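Reading through the structure tokens given below for one structure.
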Amino acid sequence: MTSLNINGKQHEIDLPEDTPLLWTLRDHVGLTGTKFGCGMALCGACTVHLDGEPIRSCITPISAAAGKKVTTIEAMAEDKIGHAVQEAWIALGVPQCGYCQAGQIMSATALLKTTAKPTDKEIDDAMSGNICRCGTYTRIRAAIKQVAAKGVAK
Amino acid sequence: MSAAFDFEKDSANTPVKEISGVASVSRRTWLKGVGAFTGLALTVGVNGLVMAADAAPAKKYGGAGMPGGTVNDPLVFVSIGADGIVTIVAHRSEMGQGVRTSLPLVVADELDADWSRVRVVQAEADESRYGNQNTDGSRSMRHFFTPMRQVGATARLMLVGAAAARWGVPASEITTRNHEVLHAKSGRKLGFGELAVDAAKLQVPPAAQVQLKDPAQFRYIGKDVFNSVDFRDIVTGNTHYGIDTRLDGMLYAVIARPPVYGGKVASFDSAEALKIPGVVRVIELKGSPPPAKFNPLGGIAVIARNTWAAIKGREALKITWDNGPHAGYDSTAFKTTLQEAARKPAKVMRNNGDTMAALAQAGKRIEAEYYIPHLAHATMEPPAATARTANGKCEVWACVQDPQATRDTVADRLGWKTDAVKVNVTLLGGGFGRKSKPDFAAEAALLSQAMDGAPVKVTWTREDDLRHDYFHTVSLEHLESTLDAKGKPLAWLHRSAAPTIASTFVAGAKGEQPGELGMGAINIPFVIPNIRIEAPEVEAHTRIGWFRSVYNIPHAFAVQSFVAELAAAAKRDHKEFLLELIGPARQVNPQEMSDTTNYGESPVLYPLDTGRMRQVVELATKEAGWGRKVPKGHGLGLAVAYSFMSYVAAVIEVVVADDGTISIPRVDMAIDCGPQVTPDRIRSQVEGACIMGLSLALTGEITFKNGSAEQGNFHEYEVLRAFSAPRDLRVHMVPHKYDMPLGGVGEPGTPPIAPALCNAIFAATGKRIRNLPIRDQLKKS
């Protein structure tokens with residue numbers, strides 16, 4: 001039994017300890033906002049925050065998440081920066097199919113939490129682990145800059 | 001996402017000559033295997049030109065020519081609650097193009113509804129009710145703009161009729177405004193909700209009585225006032241994609257599929273797999289021999305309590321495969337096969353003048369070959385579907401572009417009637433043509449049946465997706481020309497050697513079909529006296545399928561690169577040379593270019609308009625500052641392509657660093673897609689098409705060895721990432737009034753990108769890239 005704190009709620013998980021956090025969230029806890037894209041930490045669709053740090057949940061076993069705070073896209077509206085990122089995403093019409101955007105928003109929010117005014121290079125470095133096959137990259141950059149310009153992320 | 005063929009609904013009495021008409025090879029007819037493919041009633045004319053047999057009588061074009069046609073009945077698409085909430089049915093699949101917003105928006109505009117009081121619901125698969133639902137070929141708005149306007153206007157007229165009866169005044173005195181019906185003379189007004197019950201009792205007025213809005217009165221159409229109806233759910237993680245379905249008692253499956261096309265299971269041992277905690281059962285899923293059609297590939301399925309256990313269980317399977325006749329498929333060897341085929345005379349698909357004689361005239365002879373490998377769609381959401389097959393009914397939840405084909409395929413595989421199958425369409429996490437093929441939904445249906453009706457979700461891992469895709473074709477394009485003393489091309493020879501998508505449906509189909517060549521190979525409007533297009537009959541060794549813009553990708557790459565090569569040989573400015581080849585503004589009937597397909601559209605309604613083609617070239621070059629002096633290592637490249645009834649030009653500025661590293665500071669794209677309904681979604685589609693074009697140009701390649709795809713995940717099949725994306729990507733649209741037919745949007749942005757990039761690289765470095773992907777061809781060690 002593994003004890004997980006997900007979005008502020010405690011969950012007792014009866015799965016093998018090597019089960020990735022991704023599939024635990026999706027299949028067991030029922031939080032399907034976190035997406036599967038590659039299973040090898042190559043695409044970023046599964047990005048969640050572990051104690052505030054962006055991690056790829058597809059290669060993170062639940063044993064590594066025990067005792068830490070897991071935050072997923074479903075809780076981002078309650079996060080000041082996360083909410084601002086979501087609003088910028090809508091305002092600039094970032095999403096196309098939307099599938100990768102949960103991961104994009106988790107990565108962008110984590111960036112803005114540590115770097116209130118990221119440079120182009122800092123944005124590219126932070127976001128290049130997140131693939132968007134629809135090709136929304138230029139709007140993602142613009143949305144991150146919009147949040148930074150508003151000074152939400154101080 | 002393609003219109004490789006004109007998909008006409010067949011019926012039992014479909015005359016063979018209709019299905020054999022090259023313009024309208026029906027997919028569903030192929031699925032039934034009607035008619036021998038090689039007998040396609042192609043006749044060879046006296047000049048060696050392959051002609052279509054007699055055109056079928058009264059050929060239907062556009063939406064009317066599609067299975068299910070179009071429907072404009074408001075009772076099918078609109079319902080209004082007593083609370084005034086207007087519910088509009090979206091019958092096409094949403095994969096990022098915004099169609100769940102745009103088509104309902106058209107209805108709402110004509111209805112005079114207040115968008116904030118509109119809800120959108122997704123239709124299940126039923127083309128007999130909704131009209132065509134096959135969301136590909138960049139057709140949704142092109143085919144349904146007018147029917148959806150009629151739906152909204154008719155519903156509005158019914159509300160007016162109900163108010164007229166209630167008030168006892170002539171309908172002509174009644175107007176509507178923002179969810180209300182008004183009678184100015186008496187100052188009375190009623191909300192839509194207050195009239196809904198009465199309006200629903202009225203007869204649907206005939207189309208002749210329905211007046212569409214003057215476009216000047218549009219409130220929503222053509223305005224950037226809305227975001228997608230799904231944005232809020234997307235950014236908060238509350239959407240339902242195919243992979244997200246959860247049902248009580250649902251089991252999770254992954255499948256080990258034959259690594260080679262046409263292969264099957266020889267033997268397997270599931271003992272170790274069954275020891276994995278959470279694994280419930282291992283089932284052999286029977287495939288069917290090629291052609292694959294939309295049928296499952298077969299293999300060994302692991303059924304488990306969660307996806308991870310199924311994946312682990314699959315790793316523990318021991319399977320011996322019988323690989324079959326395609327086990328020797330090898331991309332390196334096949335490139336040679338394509339080259340050999342492209343270097344000798346082949347089936348002539350267009351012939352003007354005497355190209356061979358003209359090529360031999362005195363002048364500068366130019367010859368070039370271009371290669372584009374197989375590509376995988378790599379939708380971020382891999383194929384995934386859930387089914388519950390129990391008590392004589394099958395219900396499916398799936399991310400499918402073609403709901404009706406899903407329903408038909410599932411029914412066919414189960415051996416049931418279509419009525420017993422219900423298909424719920426989820427959001428699609430990317431489509432790009434992959435999800436036009438519902439093989440994965442049929443897998444789920446069969447596995448649920450095998451599990452005695454327990455709901456089963458099939459998830460494709462990334463490896464499954466890349467190794468078992470319906471791949472974009474591989475192609476070798478051979479071009480020749482001779483320039484006269486003034487640098488004008490005397491002749492144009494183009495041999496396009498590529499396996500056909502038809503091979504996925506009909507055994508033995510070889511070489512590109514007319515509809516495929518009609519994607520930018522034969523339908524070139526160039527002012528050249530001698531033009532000859534040939535299609536060698538090369539074989540397919542894997543499942544070939546539609547990929548965003550389809551055969552336009554290799555054709556535009558070859559044609560637009562070769563034009564730039566000719567311009568360079570003639571020592572001319574590329575833009576001026578290109579405009580000269582396009583010639584004066586005129587409307588070219590596609591049939592004059594031996595294009596009998598024209599994406600299924602009427603040649604009269606949709607001629608190739610060289611004026612519009614010229615205009616996008618002018619617009620993109622003007623915005624990009626064509627001809628400006630650029631720093632060392634920079635280059636500007638241009639390309640134009642006409643596809644899916646739209647015109648797109650791209651100018652790419654590239655920087656090639658001393659070590660050969662490529663970066664892209666700026667892209668300017670100009671699109672003329674006719675009248676525009678949701679301009680910002682058009683811009684976003686063109687931006688996305690640019691990124692996809694750059695992706696395939698820079699790194700896109702699936703290779704085969706020993707019959708199997710070699711790339712399994714994103715470290716091997718690289719797609720464009722944020723750091724490689726253009727720094728500045730601008731989309732410029734040619735404005736139009738609503739007095740002309742609409743063009744496609746989802747696909748047309750992709751074709752000009754690879755040639756524009758390679759032309760830019762040539763401008764920057766003098767090096768001509770003829771083989772994609774570019775990858776490290778410029779790298780200096």
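Remember, predicted model here, so these are calculated numbers, not experimental data. Convention: sequence-line order gives letters A, B, ...; per-chain numbering from 1.
The main-chain N or O of A/Thr72 is found under 3.5 Å from a side-chain atom of A/Asn7 such that the two form a donor-acceptor pair. In this structure a side-chain-to-backbone donor-acceptor pair under 3.5 Å is present from B/Thr699 to B/Glu718. The closest donor-acceptor contact from the side chain of A/Lys35 to the backbone of A/Thr32 lies under 3.5 Å. Looking at B/Lys312, its side chain never comes within 3.5 Å of a backbone N or O of B/Ile276 through a donor-acceptor pair. Between the side chain of B/Asn713 and the main chain of A/Cys38, a donor-acceptor pair closer than 3.5 Å is present. Proximity of a side-chain donor or acceptor of B/Tyr252 to a complementary backbone N or O of B/Val456 within less than 3.5 Å is not detected.
Within residues 720-728 of chain B, the residues that have a heavy atom under 4.5 Å from a heavy atom of chain A are B/Leu720, B/Arg721, B/Ala722, B/Phe723, B/Ala725, B/Pro726, B/Arg727, listed by number.
Minimum heavy-atom separation, A/Ala143 to A/Ala88: O-CB, 3.7 Å. A/Gln86 and B/Val235 get closest at one heavy-atom pair: NE2-O, 2.7 Å. Taking each heavy atom of B/Asp136 and B/Ser436 in turn, the nearest pair found is OD2-OG, 3.7 Å.
Interface summary for chain B: among A/Gly93, A/Gly82, A/Gly39, the most heavy-atom pairs under 4.5 angstrom belong to A/Gly93. With respect to chain A, the highest number of heavy-atom pairs below 4.5 Å among B/His377, B/Arg305, B/Glu463 belongs to B/His377. By number of non-hydrogen pairs under 4.5 angstrom with chain A, the leading residue of B/Thr459, B/Asp224, B/Val719 is B/Val719. When A/Asp125, A/Leu22, A/Asp120, A/Thr24 are compared by the number of non-hydrogen pairs under 4.5 Å with chain B, A/Asp120 comes out ahead. Heavy-atom pairs under 4.5 Å with chain B peak, among A/Gly129, A/Pro95, A/Cys100, A/Gly37, at A/Pro95. The residue among B/Gly429, B/Gly430, B/Gly98, B/Ala309 with the most heavy atom pairs within less than 4.5 Å of chain A is B/Gly429. Between chain A and the residues B/Asn306, B/Ile243, B/Thr461, the most heavy-atom pairs under 4.5 angstrom are made by B/Ile243. Most heavy-atom pairs under 4.5 Å with chain B, from the set A/Met127, A/Met40, A/Arg26: that is A/Arg26. Ranked by heavy-atom pairs under 4.5 Å with chain A, the list B/Ser228, B/Gly688, B/Pro277, B/Ser695 is led by B/Gly688. Contact count against chain B (heavy-atom pairs under 4.5 Å) is highest for A/Ile90 among A/Ile90, A/Asn130, A/Thr19. Counting heavy-atom pairs closer than 4.5 Å to chain B, the top residue among A/Gly135, A/Ser128, A/Gly98 is A/Ser128. Of the listed residues (B/Asp230, B/Asp233, B/Leu427, B/Ile234), the one with the most heavy-atom contacts under 4.5 Å to chain A is B/Ile234.
Contacts of A/Met76 with chain B are absent, with no heavy-atom separation under 4.5 Å from either backbone or side chain. Heavy-atom distances place no part of A/Thr136 under 4.5 Å from chain B, backbone and side chain included. Contacts between A/Ile131 and chain B at a heavy-atom distance below 4.5 Å involve backbone atoms as well as side-chain atoms. Heavy-atom distances place no part of B/Leu694 under 4.5 Å from chain A, backbone and side chain included. For chain B, the nearby parts of A/Tyr99 are the backbone and the side chain; heavy atoms of each come within less than 4.5 Å. Residue A/Leu15 touches chain B through its side chain alone, counting heavy-atom pairs closer than 4.5 Å. With a threshold of 4.5 angstrom between heavy atoms, A/Asp18 approaches chain B through its backbone and through its side chain. With a threshold of 4.5 angstrom between heavy atoms, B/Arg232 approaches chain A through its backbone and through its side chain. Residue A/Gln104 does not touch chain B at all, counting heavy-atom pairs closer than 4.5 Å.
With 3.5 Å as the limit, one finds no donor-acceptor pair spanning the side chains of B/Gln97 and B/Ser140.
By the 4.5 Å heavy-atom criterion applied to side chains, B/Trp308 and A/Pro16 are not counted as neighbours. Side-chain contact check for B/Phe440 versus B/Arg434: some heavy-atom pair is nearer than 4.5 Å. Looking at B/Lys435 and B/Met95, their side chains never come closer than 4.5 Å, going by heavy atoms from C-beta outward.
The aromatic ring centroids of A/Trp23 and A/Phe36 lie less than 6.0 Å from each other.
Ion pairing between A/Arg139 and B/Asp680 holds under the 4.0 Å rule for side-chain N and carboxylate O. Between B/Arg666 and B/Asp668, at least one side-chain N (NZ, or NE/NH1/NH2) sits under 4.0 Å from a carboxylate O, which counts as a salt bridge.
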